[in-house]
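Written out below as structure tokens is the structure these notes cover.
Residue numbers start from 1 in every chain, and the chains themselves are labelled A, B, ... in the order their sequence lines are given, proteins ahead of strands. Only heavy atoms go into these numbers, but all of them, side chains included; no hydrogens, no water, no symmetry mates.
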Amino acid sequence: MGAEIEFPVEGMDEKIRVFTTRPDTLFGVTFVSLAAEHPLVERLVRADPKGYDIVQFIQNMKKSRLSEKDRALIEKEGVFLNHYVTNPLNGERVQIWVANYALMEYGTGAVMAVPAHDQRDFEFAKKYDLPIKVVIQPKGETLDPSIMSEAYEYDGIQVSSGLFDGMENQCAKKAITEHLEKNAWGSGKIQYRLRDWLLSRQRYWGAAIPIIYCEKCGEVPVPEEDLPVRLPENVTFVKEGGNPLARTDEFIHAKCPRCHQDARRETDTMDTFVDSSWYFLRFLSNREDKKVFDQKTVNAWLPIDLYIGGIEHATMHLIYFRFFTKVLHDLGLIGFDEPAKRLFCQGMVCKTAYYSEEDKWLTQDEVTKKVKDGKTVLISKKSGSCVSSEIAKMSKTKLNTVNPDEIFDRFGADTVRLYMLSDAPPDRDQIWSEEGVMGAHRFIQRFWRLFEEQGARFQRGESYDGDGSDLDKSSRHLWRKTHETIQKFTSDVEGNFQFNTAISKVMELLKELRNHLEANAGVVRETFQTMILLLAPIIPHVSEELWQKFGNKESVFKAHWPEVRECALEKDEVEIVFQINGKLKNKKTVPMDLDVKALEQLVLGDEKMKSALEGKQVLKVICVKNKLANVVAK
RNA sequence: GCCGAAGUGGCGGAAUGGCAGACGCGCUAGGUUCAGAACCUAGUGGUGGCAACAUCGUGGGGGUUCGACUCCCCCCUUCGGCACCA
């Protein structure tokens, strides 16, 4: 939000329009910067005797069209155009410059420069020795332009601002804009910033852009009845050959739809984000041959419940995907405004990458450790040079990928699945570790071996289905653990895909099972089966095989998800934590639901607590049922 | 600069405001073994102590609370995305 202001050019019947978010600094304008591509630049230079040098400079500036990222880093440069504009507000005469930091794509392509209150203008003014005029003073401080080391971009009180002196700058923003409007010098304006999509790609893989170039008629759209433009299939891909479509004559040659003369077809294709922004609609009604999608079907199934993607999808694809949806919604073609209800960003898989000045990127095998001056350093086996390491997203460039085939051969796909799901929560980046893979593999082997060694006894018979009252202590314990695991596993996975904690619960259950193999056979059988069922989505091959060995005829994937039995979760004892001033001092197992009064007596009567409380005055006892007792003492 | 995420052992990471470090890796000791691998058992945050135990400890500083990794305020660092956007 800001204002657009017109600066009359001296000696010409022209005005330079600028956009600013800081109309309050209008009195501090000391020059105006134009983008090199600004339409007025050429006309201002033409009449100038020194014009040639300036044109040269501007040409160079235009040539060095860098990517947006690089442009942010280069130094500010510019040239004075030997022309002036008048500040409408105070009649001051200020120079017109062309500057490389002014962007034609944004606003009007012209900047009113206020070096005292804008860092970019400040840097530019310092370089070319242009005046700096302070018009906003911070409270309790006085800025001196001659000693300022950076622009003051914050709030303050207006100074040297004519009738606005003494105003808070936030108020002055409004007041000055109103003043401009009254005198027809400018007006308030909201400026939107558009992201440059760069829709076209110079490659084969993408939808054709249905445009034909005609010498006479210009750019002509392909008529609707000729759509879609199909890509040729007999293209040849050549290394470094660029877009094969541009080398395929039969594709390029076309007749102009308007004048029927020879014409040329567009060979760029659309970014694949275009297709993936609407094909979810098509998927739902792929048998429609009269229209793109069926409204009823689409409205019934969509929006999508969950969008899972990496961060690059969230920032790139999602923008287009949402844009298409919003447009279709505004056109009344679909009944929803957002394509997905929930976004989940999964992390990336990273691994250590190695780099040396001499060899550039190195694989893990090409690097060795050496002790040098008591410190361990990395050395390249190739050249012996020093190697630095970083954790980076797996990429071919950085040579830090792992080959899945190799790991499948060594450990099997189940190991890889288990490792990837158990190592880190899915919304975080994962750092690949060979040891972690081994750990996952060992767990599977433990699981399998336990079955091999002990499973036979439980393959037949029924799982336990009593209410627990007939179970001995050990069986009761295992039974409860089994159902606690079902509960935790299910909620971890359903909530936020916390496979890592879910799996750790099964690992714990495996330990419990090994310690309670002599428990009730029905309970042990149930525990075995539960583990197989819970792990089936994680390690499908192993689970299916064990499931079959357990005498189940149907696939494990047709079985019901295990259900938690509330009666199994019940406990008759609970461990209570004893604290003094919030610090742990002792623990004791007490009957479930022991009332607070009894608990209080118990904690104060406890030997350990007594000795720890010696010489202290008990102020209060806080008891939380089935949890803790905290003695507040001084 | 803006937006987002994250800071907890040697490492990956756990903890509805209530036992910090589950589970896994690594490490140590013991068992098994001709030996190694694998496997099993136990231990494993720092400091002090033979020990029981004490004490400190979740990026830093404040605050709320009987009690804070967790809630509030301020700050620092790292990573990712966007960026001379006037």
Side-chain angles (χ1 to χ4, degrees), chain A residues 2-5 18-23 25 29 32-33 35 68-76 99-114 117-121 123-124 153 191-196 310-312 314-316 345 347-348 350 390-393 418-419 422-425 427-440 442-443 445-446 449 488 491-492 498 500-511 514 575-587 608 611-612 619-624 626-633:
Chain A
E4 221 167 56
I5 304 155
V18 303
F19 171 75
T20 181
T21 52
R22 297 291 303 271
T25 64
V29 173
V32 165
S33 301
E68 300 216 332
K69 246 178 213 167
D70 298 335
R71 217 158 43 171
L73 302 169
I74 61 169
E75 208 183 331
K76 290 176 181 45
N100 62 349
Y101 72 91
L103 306 171
M104 197 57 222
E105 307 90 82
Y106 183 75
T108 60
V111 183
M112 60 171 231
V114 187
H117 305 294
D118 182 285
Q119 187 59 28
R120 296 171 311 243
D121 298 339
E123 284 167 29
F124 194 82
E153 297 183 328
Q191 179 77 41
Y192 294 98
R193 220 185 111 196
L194 291 182
R195 202 188 140 94
D196 187 354
I311 189 68
E312 69 273 25
T315 53
M316 301 285 288
C345 278
M348 291 179 295
C350 301
E390 64 171 51
I391 304 281
K393 179 170 81 172
L418 179 66
Y419 164 63
S422 67
D423 187 59
D427 54 343
R428 274 207 217 181
D429 284 351
Q430 177 168 40
I431 299 160
W432 187 270
S433 101
E434 189 86 357
E435 289 78 17
V437 177
M438 302 268 287
R442 276 206 289 268
F443 171 74
Q445 287 190 315
R446 267 203 303 278
R449 202 163 43 234
K488 185 78 165 75
S491 67
D492 279 1
Q498 300 287 329
N500 57 331
T501 49
I503 292 166
S504 81
K505 294 296 160 200
V506 182
M507 289 178 169
E508 283 176 57
L509 185 60
L510 182 70
K511 260 193 208 172
R514 292 210 295 193
E575 193 176 54
I576 299 285
V577 172
F578 290 177
Q579 300 178 325
I580 294 175
N581 295 330
K583 282 188 181 174
L584 173 77
K585 291 294 163 187
N586 201 6
K587 300 175 198 177
K608 261 194 185 166
S611 68
L619 300 175
K620 210 183 343 178
V621 182
I622 291 155
C623 291
V624 181
N626 296 331
K627 211 161 238 173
L628 62 84
N630 184 22
V631 179
V632 184

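Of the side-chain N and O atoms in Arg442(A), none sit less than 4.0 angstrom from OP1 or OP2 of A37(B). Under 4.0 angstrom from either OP1 or OP2 of G12(B) there lies no side-chain N or O belonging to Asn500(A). Contact between the side-chain N/O atoms of Arg428(A) and the OP1/OP2 oxygens of G12(B) is not found at any separation under 4.0 Å.
Taking the side chain as every heavy atom from C-beta outward, Ile5(A) and Met112(A) approach each other to under 4.5 Å. Contact check for Trp432(A) versus Val437(A): side-chain heavy atoms found under the 4.5 Å cut-off.
Whole-Å rounding puts the Phe443(A) CZ to G24(B) C1' distance at 11 Å. When the C1' atom of A14(B) is taken as reference, atom CD1 of Ile503(A) falls 14 Å away, rounded to whole Å. Spacing between atom CD of Gln445(A) and atom P of A37(B) amounts to 16 Å, rounded to whole angstrom units. When the P atom of G26(B) is taken as reference, atom CD of Glu435(A) falls 7 Å away, rounded to whole Å. Between the C1' atom of C19(B) and the CG atom of Asn630(A) lies a distance of 12 Å, rounded to the nearest Å. Atom pair Tyr419(A):OH and C25(B):C1' shows a separation of 10 Å (rounding to whole Å applied). Atom-to-atom, CD of Gln430(A) to C1' of A6(B) comes out at 16 Å; the value is rounded to the nearest Å. In this structure, the NZ atom of Lys505(A) is 12 Å from the P atom of A14(B), given to the nearest Å.
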| Evaluation steps, side-chain contact (heavy atoms from CB on, under 4.5 Å), between Asn581(A) and Val632(A) | CA-CA 5 Å; Asn581(A) 295 330; Val632(A) 184; 3.9 Å; yes

| field | Pair Arg446(A)-Leu510(A), side-chain contact (heavy atoms from CB on, under 4.5 Å): steps then yes or no | value | CA-CA 9 Å; Arg446(A) 267 203 303 278; Leu510(A) 182 70; 4.1 Å; yes

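For Met507(A), whose side chain is taken as the heavy atoms from C-beta onward, the closest listed nucleotide among C40(B), C23(B), C19(B) is C23(B). You'll find that the side chain of Tyr101(A) is closest to C84(B), out of C40(B), C84(B), G13(B). For Asp423(A), the listed nucleotide lying nearest its side chain is G12(B); candidates were G12(B), G13(B), G24(B). Checking C19(B), A86(B), G18(B) against every side-chain atom of Leu628(A), the shortest atom distance belongs to G18(B). Relative to the side chain of Lys511(A), the nucleotides A14(B), A54(B), G24(B) differ in distance, and G24(B) lies closest. The listed nucleotides are A14(B), A86(B), C39(B); the one nearest the side chain of Asp118(A) is A86(B). With G18(B), U41(B), A6(B) as the candidates, the nucleotide lying closest to the side chain of Gln579(A) is G18(B). For Thr501(A), the side-chain atoms get nearest to A15(B) when compared with the rest of A54(B), C19(B), A15(B).
Under the Watson-Crick or G-U wobble criterion, with both distances below 3.5 Å, C50(B) is left unpaired in every strand shown. Pairing of A14(B), defined by two Watson-Crick or G-U wobble distances under 3.5 Å, is not identified with any nucleotide. Searching all strands for a Watson-Crick or G-U wobble partner of A86(B) with both distances below 3.5 Å returns nothing. Nucleotide A5(B) is matched to U78(B) when pairs are restricted to Watson-Crick or G-U wobble geometry with both distances under 3.5 angstrom. Across all strands shown, G45(B) forms a Watson-Crick or G-U wobble pair, both distances under 3.5 Å, with C56(B). Here C71(B) sits opposite G63(B) as a Watson-Crick or G-U wobble pair (both hydrogen-bonding atom distances under 3.5 Å). In this structure, C39(B) and G31(B) make a Watson-Crick or G-U wobble pair, each of the two defining distances being under 3.5 angstrom.
Ranked by how close their nearest RNA chain B nucleotide is to the 5' end, Ala424(A) and Glu508(A) are led by Ala424(A).
Spacing of C1' atoms, U78(B) relative to G26(B), comes out at 25 Å, to the nearest Å. The gap from the C1' atom of G45(B) to that of A38(B) amounts to 30 Å, rounded to the nearest Å. Across C2(B) and C69(B), the matching P atoms stand 31 Å from one another, rounded to whole Å. Taking atom P in both G10(B) and C27(B), the straight-line distance is 16 Å, to the nearest Å. Rounded to the nearest Å, the gap between the C1' atom of U33(B) and that of G13(B) is 35 Å. Between A68(B) and U58(B), the two P atoms lie 11 Å apart (nearest whole Å). Rounded to a whole angstrom, the distance from the P atom of C72(B) to that of U64(B) is 15 Å. A22(B) and A5(B): their C1' atoms are spaced 24 Å apart (whole Å).
Using modelled atom types, no side-chain atom of Asp423(A) and backbone atom of Asn500(A) make a donor-acceptor pair closer than 3.5 Å. Within the 3.5 Å criterion, the main-chain N or O of Ile622(A) finds no donor-acceptor partner in the side chain of Asn630(A). Between the side chain of Tyr419(A) and the backbone N or O of Glu434(A) there is no donor-acceptor pair closer than 3.5 Å.
Ala102(A) comes within 4.0 angstrom of a nucleotide base, judged by non-hydrogen atoms across all strands. When heavy atoms are screened at a 4.0 angstrom cut-off, Gly439(A) is found touching the sugar-phosphate backbone but no base atom. Nucleic acid contact for Asp121(A): none, since no nucleic acid atom lies under 4.0 Å from a heavy atom of the residue. When heavy atoms are screened at a 4.0 angstrom cut-off, Asp427(A) is found touching no nucleic acid atom at all. Within the 4.0 angstrom heavy-atom criterion, base atoms lie near Val111(A). Counting any heavy atom pair closer than 4.0 Å across all strands shown, Gly347(A) reaches no nucleic acid atom. Within the nucleic acid shown, Ala110(A) comes within 4.0 Å of at least one base atom, counting heavy atoms only. Among the heavy atoms of the strands, none lies under 4.0 Å from Lys488(A).
Residue-environment remark: CE (Met438(A)) stays at or below the threshold of 12 foreign heavy atoms within 6.0 Å.
Look at G9(B): its glycosidic torsion is within 90° of 0, and that puts it in the syn range.
For C66(B), its base never sits under 3.5 Å from the side chain of Lys620(A) at any donor and acceptor pair.
Salt-bridge annotation for Glu508(A) and Lys505(A): present, with a side-chain N of the basic residue lying under 4.0 Å from a carboxylate O of the acidic one.
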